[in-house]
Amino acid sequence: MILIKLGGSVITDKSQFKTFDRSQASRLCKEIADSGVPTMIVHGAGSFGHMLAKKHSLQNGLKDPEQIPAAAQVHHDAMELGMLMTETLMENGIPAAAVAPGSCFVMDDGHLVVKDDEAIRSLQNIGIMPVTFGDVVMDRKKGFGICSGDQLMEVMADLFKPDKVVFVSDIDGLYTANPKTDPDAELIRTVTPETLDSVSSVSDVDDVTGGVRNKMESMLRMCGEGRECVLINGTVPGRLLALLRGEDVTCTVARM
Ligand code: IP8
């Protein structure tokens with residue numbers, strides 16, 4: 001099984017509040033379906049989560065009652081994106097169920113803890129893809145927290161032991177600097193703990209969960225035991241399909 005994270009930057013327009021990129025999401029779901037490979041999908045929140053979460057500092061936990069309506073709203077919006085994604089998967093022939101992470105996981109001081117995995121395991125067993133997503137999740141110490149799709153990827157990889165892990169983003173891979181703003185940025189084809197030290201830690205402006213460096217750190221934690229972790233650009237038509245078919249594509253591979 002291949003565990004895939006569809007980043008918020010490929011399924012939403014991150015600069016426009018709550019804007020689903022239906023055509024790109026649909027193309028990516030079709031590439032996944034066409035590959036014929038068993039997969040499981042996690043997705044990011046994009047403009048359905050980060051803007052409001054940042055405005056109300058939800059990533060720092062409950063500090064002020066003023067944040068409570070915003071936490072409820074971001075959870076609602078994340079669920080809405082979950083429904084849009086499962087609708088798109090089903091249109092492409094993949095039976096899928098949106099599973100709010102708070103229904104089976106809890107956070108403990110920012111760490112994601114498995115509370116009850118029976119529902120997601122049962123869905124997977126009968127052939128319905130459980131689709132989890134970045135969301136607001138209750139936190140035992142902080143009241144609530146922001147659970148990122150990348151944290152979910154690590155937990156889902158632990159639970160379902162995929163052969164390969166793929167992060168689909170809007171950049172060709174990990175760069176030495178932000179390729180959108182720095183013309184000297186160079187693509188790093190293989191990342192190791194050593195190369196990560198030389199990488200800029202600047203993250204996207206509206207991203208409350210840390211950007212590409214955090215992604216690479218979680219990718220490094222997930223590789224090993226012969227498992228490959230790859231970051232690819234999903235905005236290039238056919239690239240995800242080619243990767244899933246085992247072809248060589250432009251990407252960054254994490255290796256321990
Ligand atoms: O887009 C963030 O998840 P990500 C979740 O995977 C929220 O970083 C609600 C901002």
Side-chain angles (χ1 to χ4, degrees), residues 3-21 24-25 28 40-63 67-86 98-107 110-112 130-139 142-157 165-171 174 178 201-219 221-222 229 231-232 234-235:
L3 181 63
I4 301 172
K5 183 189 173 194
L6 296 177
S9 59
V10 290
I11 57 168
T12 77
D13 177 344
K14 279 187 95 169
S15 65
Q16 300 291 320
F17 184 58
K18 285 185 67 180
T19 306
F20 183 49
D21 189 339
Q24 187 148 265
L28 290 165
M40 188 180 287
I41 292 168
V42 171
H43 65 80
S47 57
F48 285 67
H50 288 273
M51 286 176 172
L52 214 52
K54 185 172 178 138
K55 184 168 171 207
H56 296 274
S57 301
L58 301 187
Q59 71 277 20
N60 300 328
L62 177 57
K63 304 262 189 222
Q67 294 170 298
I68 292 170
Q73 187 65 51
V74 171
H75 171 58
H76 171 275
D77 296 348
M79 300 246 291
E80 204 178 313
L81 182 59
M83 300 305 286
L84 287 165
M85 279 308 299
T86 48
V99 179
S103 64
C104 37
F105 308 128
V106 69
M107 292 182 96
H111 298 285
L112 196 58
V131 176
T132 57
F133 43 84
D135 195 358
V136 174
V137 170
M138 294 303 106
D139 189 303
K142 298 178 170 176
F144 55 69
I146 294 291
C147 160
S148 72
D150 291 3
Q151 284 174 291
L152 286 164
M153 287 291 278
E154 290 192 52
V155 169
M156 296 301 264
V165 175
V166 179
F167 287 85
V168 182
S169 182
D170 63 346
I171 48 174
L174 179 69
N178 186 346
S201 57
V202 178
S203 63
D204 293 351
V205 183
D206 287 315
D207 211 327
V208 292
T209 49
V212 81
R213 193 188 162 99
N214 272 15
K215 189 180 309 302
M216 275 297 155
E217 285 170 351
S218 44
M219 284 176 71
R221 285 193 293 272
M222 276 188 270
C229 292
L231 175 62
I232 66 155
T235 68

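We're numbering straight along the sequence, starting at 1. Owing to the predicted nature of the structure, the values given are computational and were not obtained by experimental measurement. Just so you know, ligand 1 is whichever comes first in the structure, and atom 1 is the first atom listed for that ligand.
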Q. Is ligand 1 less than 4.0 angstrom away from at least one heavy atom of Cys147?
A.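 For ligand 1, residue contact (heavy atoms, under 4.0 Å) with Cys147 is present.
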Q. Among the heavy atoms of His43, does any lie under 4.0 Å from an atom of ligand 1?
A. no
In terms of atom number and element, which parts of ligand 1 are under 4.0 angstrom from non-hydrogen atoms of [X]?
X      : result
Gly149 : 3 (O), 4 (P), 6 (O)
Gly44  : 1 (O), 4 (P), 6 (O)
Val74  : 9 (C)

[X] versus [Y]: any side-chain heavy-atom pair under 4.5 Å?
X      : Y      : answer
Gln67  : Leu58  : yes
Gln16  : Ser47  : no
Met153 : Phe167 : yes
Asp170 : Val10  : yes

Q. Hey, is ligand 1 close enough to His50 that some N/O pair sits below 3.5 Å?
A.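 Yes, there is a polar N/O contact under 3.5 Å.
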Q. Going by distance only, is there an N or O of Ala45 that falls short of 3.5 Å from an N or O of ligand 1?
A. yes
(Q) Please classify the Asp135 to ligand 1 contact at 4.0 Å (heavy-atom distances, strictly less than): side chain, backbone, both or neither. (A) backbone
Q: Please answer whether the main-chain N or O of Phe48 pairs with a side-chain N or O of Glu80 as donor and acceptor at a distance below 3.5 Å.
A: no
(Q) Under a 3.5 Å distance rule, please check whether Ser103 uses its side chain to pair with a backbone N or O of Pro101 as donor and acceptor. (A)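 Side chain of Ser103 to backbone of Pro101: no pair is present.
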